[in-house]
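The chain is numbered in sequence order, starting from 1. Both backbone and side-chain heavy atoms feed into the values below; hydrogens, waters and symmetry mates do not.
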Amino acid sequence: MKTDSAKAQHSSRKPAASAGKSLEASDEAMGLLAATGKQETSERQHRLLIVAISSGILVLLVFSMVVLANLDMAPYKGIAGSLIDVAILILAIVIGRNLHKISRFGKIEIILAEAFQAAFNPQVIVDSDGRAVLTNKAYDYWVSKPGSNVEAVVSSKFSENATVAAEFQKLRKAARTNQPSQGELPVIKGGKITEWRRVIVRPLPTTGYIIWRFEDISERKRAEQAVREEQAKLIDFMAHAPVGIYSADQNGRFRFVNRTLSEWLGCSIEELTSGSIKLHDVIAQKLEGVVPYGVATGPDGHLRGDSFMRSKKGRVFPVSITQTVVMNEDGQTLRTRSIVRDLTPEQSWQEALTLSEQRFQRLFAEAPIGVALLNATMQVEECNQAFITLIKRNKEDILKKNFINLITDERQAAIADELAAVLAGRDLQKPIEMRGMGDASSVAFIYAKRFALLGHTSSDELSSPQQTGLMLYFIDFSEQKRIEAQLAHSVKLQAIGQLAGGVAHDFNNLLTAMIGFCDLLLQRHKPGDQSFADIMQIKQNGNRAANLVRQLLAFSRQQTLQPKVLSVTDVLAELANLLRRLIGANVELRMVHARDVGLIRADQGQLEQVIINLVVNARDAMPQGGTVTITTGPHHQDSAVNRGQDVMQPGDYIKIAVADQGIGIPKENIQRIFEPFFSTKEVGSGTGLGLSTVYGIVRQTGGFIEVDSVVGKGSTFIIYLPHHIEKEKPAEAVAEAPREKKTSDLTGAGTILLVEDEDAVRVFGARALRNKGYNVLEARGGEEALAIIDEQGGKIDLLISDVVMPQMDGPTLVREVMRRKPDTKVVFISGYTEDKFREQLREGEVVHFLSKPFSLKQLASKVKEVLTGEIEE
């Protein structure tokens, strides 16, 4: 007990850092006091109880004697009685003192028990069998479910890991042999350490009891782990620092070398620190009069020196060594703290910097984008050649001039405000678009960045606008803007063309039915009939609508062409009389042809329509009269060039120019004149499809068209068509447009399957063919047609099918029919061009085509041609 108390007192004298250990020692001493005090108190109480009982018996005897004496029954009286009274008094005092001691020992036991219960760390006192005699609250809380066998309850805390469990068993064995022991064990749950406990097992002398104590050392363990990690980081940093680190003693022997320096020298750390290699052995230059640990002349080696080191393989490299010499703890020997920097990268950087400066000068001067440096007052300090070219001024007219004054854009004030905001420190959200810089059509994007002027690099100085400037980058977007406009125009025209083609297809179905039923009515209402004129009006308007549809198809480049080799001069000569009648008497027509104009390959009818449309437009542009001049001649294009919205490739072309002396076309309308339904004429004066049709025909033929117009002076439309060199007999036309066949007899016999999803077209076609003597079977779609063919057993002489149908289209239907009956004759009918479905046919498949809208006679003639091949012109 005294030893433990002394330990507790000794620990209490340690600094505040040992307060925890003092508290732990006092808790342990309290446990020892509680157990020992409990045992001593019990023994004293036992002795006092015996004394009290003996004294009580003696008092009873004396009391009995006194009573007998008073009753004259005792033989002793007088002095004897007095002595007995004194004895009784003394016995009473003794008994009182014993009772006081019993009360005092009870209080001490309560204090010791309370102190034991209030201990911070879990504690438990067990007997020799490991059963709990006394536990504190911390222990009951820690184990959660206290049991009579302490060793069994506590062992569950350390049972998850086999190694920890084995360590706990050693402590358990020491407890059973009454040997003091302790160990630091982790509490592991779910494979993770939740806390650390120092388990102390100490027998209590003379009592036979053992105290178990479980101190929480988690914080210390975490601190130790953090220290170890920091030490590992420091060691790793020292070993792999980007500089060499070493320490040499006063004899120049290496005592410490990091890995970086050892790698530079090509030696292992052990080899350098073994003492066989000294500092001066790795210094490439001879050092005379320098102490063994020094790197240059100087007092005691406290210096920085530039030198050269030599590696084990003989590589010499420049280094800068900085070192400090310090005295060892013995006060007699020295050692250095030295840092080595390899100067090779710095020399390489210097060379690279010089080269970079040279490259920068070349890049700045020859950069493809304009660069200009402005000072704080927006004056141009420097600029490159690209900027000079962009702005189209001399360098002398640019340098030292205010950049804002060089801007001709109408947004001059807004651009000045944006650049001032960047100079003040705000980032440019998007590039500044500037127009008219150099010429009216130029477009440039400006990227601005604030930078420090020479000699001012600190952030405080940069906060002042007077110490900053602007770096401006100019990217010429003129060509890109032009291409974007061309692309947008092409996409718009393509979309309109697709729409026009779709509309034309639907209109062709309607017109086929209208014209066809008019033909059926005309068979019953001959000339002289009162309905004949009305029916003819309907048919004529239907034909006009068909011409309008053909214009839409021409614009969308979806009409069927009949190309053949033509002489431009011959075509214009044949067309001259018609053109003169169209333009009237107050407009003169002139034709100028060059020699050897050459040949083209085109559809004559479409080419004539192009010329007629251009001449009529020229006439309308000259209401007061004038001259229309048509000029032809060869044209050789050396390189790709933009013609309107298209790119014309190099090659030989035939040029046809139609010029007038009219009012001209405003600049804002030039880009839109080829759009469908766009017209500068008064409402009701035109359809707006004339020039769009011209554009579509020319482009489908492989040519190009451009416009040159000056308001008030006239316009010139120039067409470039590919020059054709005839090497062999021209191929037959790709397809023939529907034309009236002159036959004496269009009747016939045979079974025809008519497949058409448009009811009106199908009804008209079936009636028309039945009237000519054919047996006609009708189907609304491909599946229905195949079912009819299977029912007929192959007795179909001709299949007439629409190309575009829901579910199964015409080409798919034909392939299925050909598998059943390969020799079936086929006629396709469609509002689209022949090229649309030809791409879907397999090579070798022979089919005929009849474009919508078609008349009764055209349908009967095509059927007669396909079935018999007999056509009378």
J.: Of all heavy-atom pairs between Ile665 and Val711, which one has the smallest distance, and what is that distance?
T.: O-CG2, 3.7 Å
J.: Taking only residues two or more places apart in sequence, or in another chain, which ones meet Glu588 in a salt bridge (Lys or Arg N to Asp or Glu O under 4.0 Å)?
T.: none
J.: Kindly determine whether Thr569 and Thr632 satisfy side chain to side chain contact (heavy atoms under 4.5 Å, CB included), including the steps that lead there.
T.: CA-CA 8 Å; Thr569 55; Thr632 63; 4.3 Å; yes
J.: Using the rule side-chain contact (heavy atoms from CB on, under 4.5 Å), only one of Val698, Ile600, Thr701 pairs with Leu607; which is it?
T.: Ile600
J.: Using the test side-chain contact (heavy atoms from CB on, under 4.5 Å), find all partners of Glu574 that sit at least two apart in sequence or belong to another chain.
T.: Gln604
J.: Look up atom CG in Leu522 and atom CZ in Phe532, then write down how far apart they are to the nearest 0.5 Å.
T.: 5.5 Å
J.: Which heavy atom of Pro634 sits nearest to which heavy atom of Arg595, and what is that distance?
T.: CD-O, 4.4 Å
J.: In terms of heavy-atom contacts, does CD of Gln624 have more than 12 from other residues, nucleotides or ligands at under 6.0 Å?
T.: no
J.: What's the separation between atom CD1 in Ile752 and atom CG in Leu799, rounded to the nearest 0.5 Å?
T.: 10.0 Å
J.: Is there any ring-ring contact (aromatic ring centres under 6.0 Å, His included) pair reaching into residues 577-604, and which pairs are they, with sequence neighbours excluded?
T.: none
J.: Under the side chain to side chain contact (heavy atoms under 4.5 Å, CB included) rule, what do Arg815 and Met818 come out as? Steps first, then yes or no, please.
T.: CA-CA 5 Å; Arg815 285 194 289 271; Met818 290 301 180; 5.7 Å; no
J.: Who pairs with Asp757 by side-chain contact (heavy atoms from CB on, under 4.5 Å), at least two apart in sequence or on another chain?
T.: Asp802, Met805, Pro806
J.: For a quick test of reading the model, state the closest non-hydrogen atom pair linking Leu390 to Ala444 and the distance between them.
T.: CD2-CB, 4.1 Å
J.: Flag the pair Ile719 / Lys655 as yes when at least one side-chain heavy-atom distance between them is below 4.5 Å, and no otherwise.
T.: no
J.: Looking only at heavy atoms, what is the nearest atom pair of Glu433 and Val443, with distance?
T.: OE2-CG1, 3.8 Å
J.: Got Pro811 and Val803 here, is their nearest side-chain heavy-atom distance under 4.5 Å?
T.: yes
J.: Can you tell me how far apart CD1 (Ile656) and CD1 (Ile630) are? Round to the nearest 0.5 Å.
T.: 8.5 Å
J.: Does some side-chain heavy atom of Arg767 sit less than 4.5 Å from a side-chain heavy atom of Phe517?
T.: yes
J.: Quick one: sort the His635 and Tyr653 rings into parallel, tilted or perpendicular, breaks at 30° and 60°.
T.: tilted
J.: Ignoring hydrogens and angles, tell me if any N or O in the side chain of Asp596 forms a donor-acceptor pair with the backbone of Gly633 under 3.5 Å.
T.: no
J.: For Leu798 versus Lys825, what's the shortest heavy-atom pair and its separation?
T.: CD1-O, 3.4 Å
J.: Under the 3.5 angstrom rule, does the side chain of Asn394 hit a backbone N or O of Asp397 as a donor-acceptor pair?
T.: no
J.: Under a 4.5 Å cut-off applied to non-hydrogen side-chain atoms, are Arg699 and Ile705 in contact?
T.: no
J.: Report the residues that fulfil ring-ring contact (aromatic ring centres under 6.0 Å, His included) with Phe474, sequence neighbours left out, ordered by chain and then residue number.
T.: Phe387, Phe403
J.: Can a donor-acceptor pair be found, under 3.5 Å and without considering hydrogens, that links the side chain of Arg601 to the backbone of Lys564?
T.: no
J.: Among all residues two or more places apart in sequence or in another chain, which pass the side-chain hydrogen bond (donor to acceptor under 3.5 Å, both in side chains) test with Tyr720?
T.: Glu706
J.: Taking the side chain as C-beta and beyond, is there a heavy-atom pair between Met591 and Leu579 under 4.5 Å?
T.: yes
J.: Considering all heavy atoms of both residues, which atom of Gly598 and which atom of His723 are nearest to each other, and what is their separation?
T.: CA-NE2, 3.8 Å
J.: Please identify each residue that fulfils side-chain contact (heavy atoms from CB on, under 4.5 Å) with Val641, with sequence neighbours left out.
T.: Gln637, Arg643, Met648
J.: Mind checking whether Asp534 and His525 have side chains closer than 4.5 Å, heavy atoms only?
T.: no
J.: Please tell me if the side chains of Val863 and Leu867 come closer than 4.5 Å, counting only heavy atoms from C-beta onward.
T.: yes
J.: Does anything in residues 511-521 pair up under salt bridge (Lys or Arg N to Asp or Glu O under 4.0 Å), and if so which pairs, sequence neighbours excluded?
T.: Asp519-Lys539
J.: Nearest 0.5 Å please: distance from the CE atom of Met808 over to the OG atom of Ser801.
T.: 10.0 Å
J.: Not counting sequence neighbours, which residues clear side-chain hydrogen bond (donor to acceptor under 3.5 Å, both in side chains) with Asp638? List them please.
T.: His636
J.: Is any side-chain heavy atom of Ile718 closer than 4.5 Å to one of Thr716?
T.: yes
J.: By side-chain contact (heavy atoms from CB on, under 4.5 Å), which residues pair with Thr631, not counting sequence neighbours?
T.: Val592, Thr629, Ala657
J.: Tell me every residue that passes side-chain hydrogen bond (donor to acceptor under 3.5 Å, both in side chains) with Glu758, counting only those two or more places apart in sequence or in another chain.
T.: none
J.: Hey, mind stepping through Ile800 and Val826 against side chain to side chain contact (heavy atoms under 4.5 Å, CB included) and telling me if it holds?
T.: CA-CA 6 Å; Ile800 302 176; Val826 179; over 6 Å; no
J.: Which residues satisfy the side-chain hydrogen bond (donor to acceptor under 3.5 Å, both in side chains) test with Arg619, sequence neighbours excluded?
T.: none
J.: What's the spacing between Phe764 CZ and Asp759 CG if we round to 0.5 Å?
T.: 15.0 Å
J.: Please report the interatomic distance CD(Glu608) to CD1(Ile697), rounded to the nearest 0.5 Å.
T.: 11.0 Å
J.: Evaluate the side chain to side chain contact (heavy atoms under 4.5 Å, CB included) criterion for residues Leu813 and Val817: first the C-alpha distance (whole Å), next the side-chain angles of each, then the deciding distance (0.1 Å), finally the verdict.
T.: CA-CA 6 Å; Leu813 172 62; Val817 171; 4.0 Å; yes
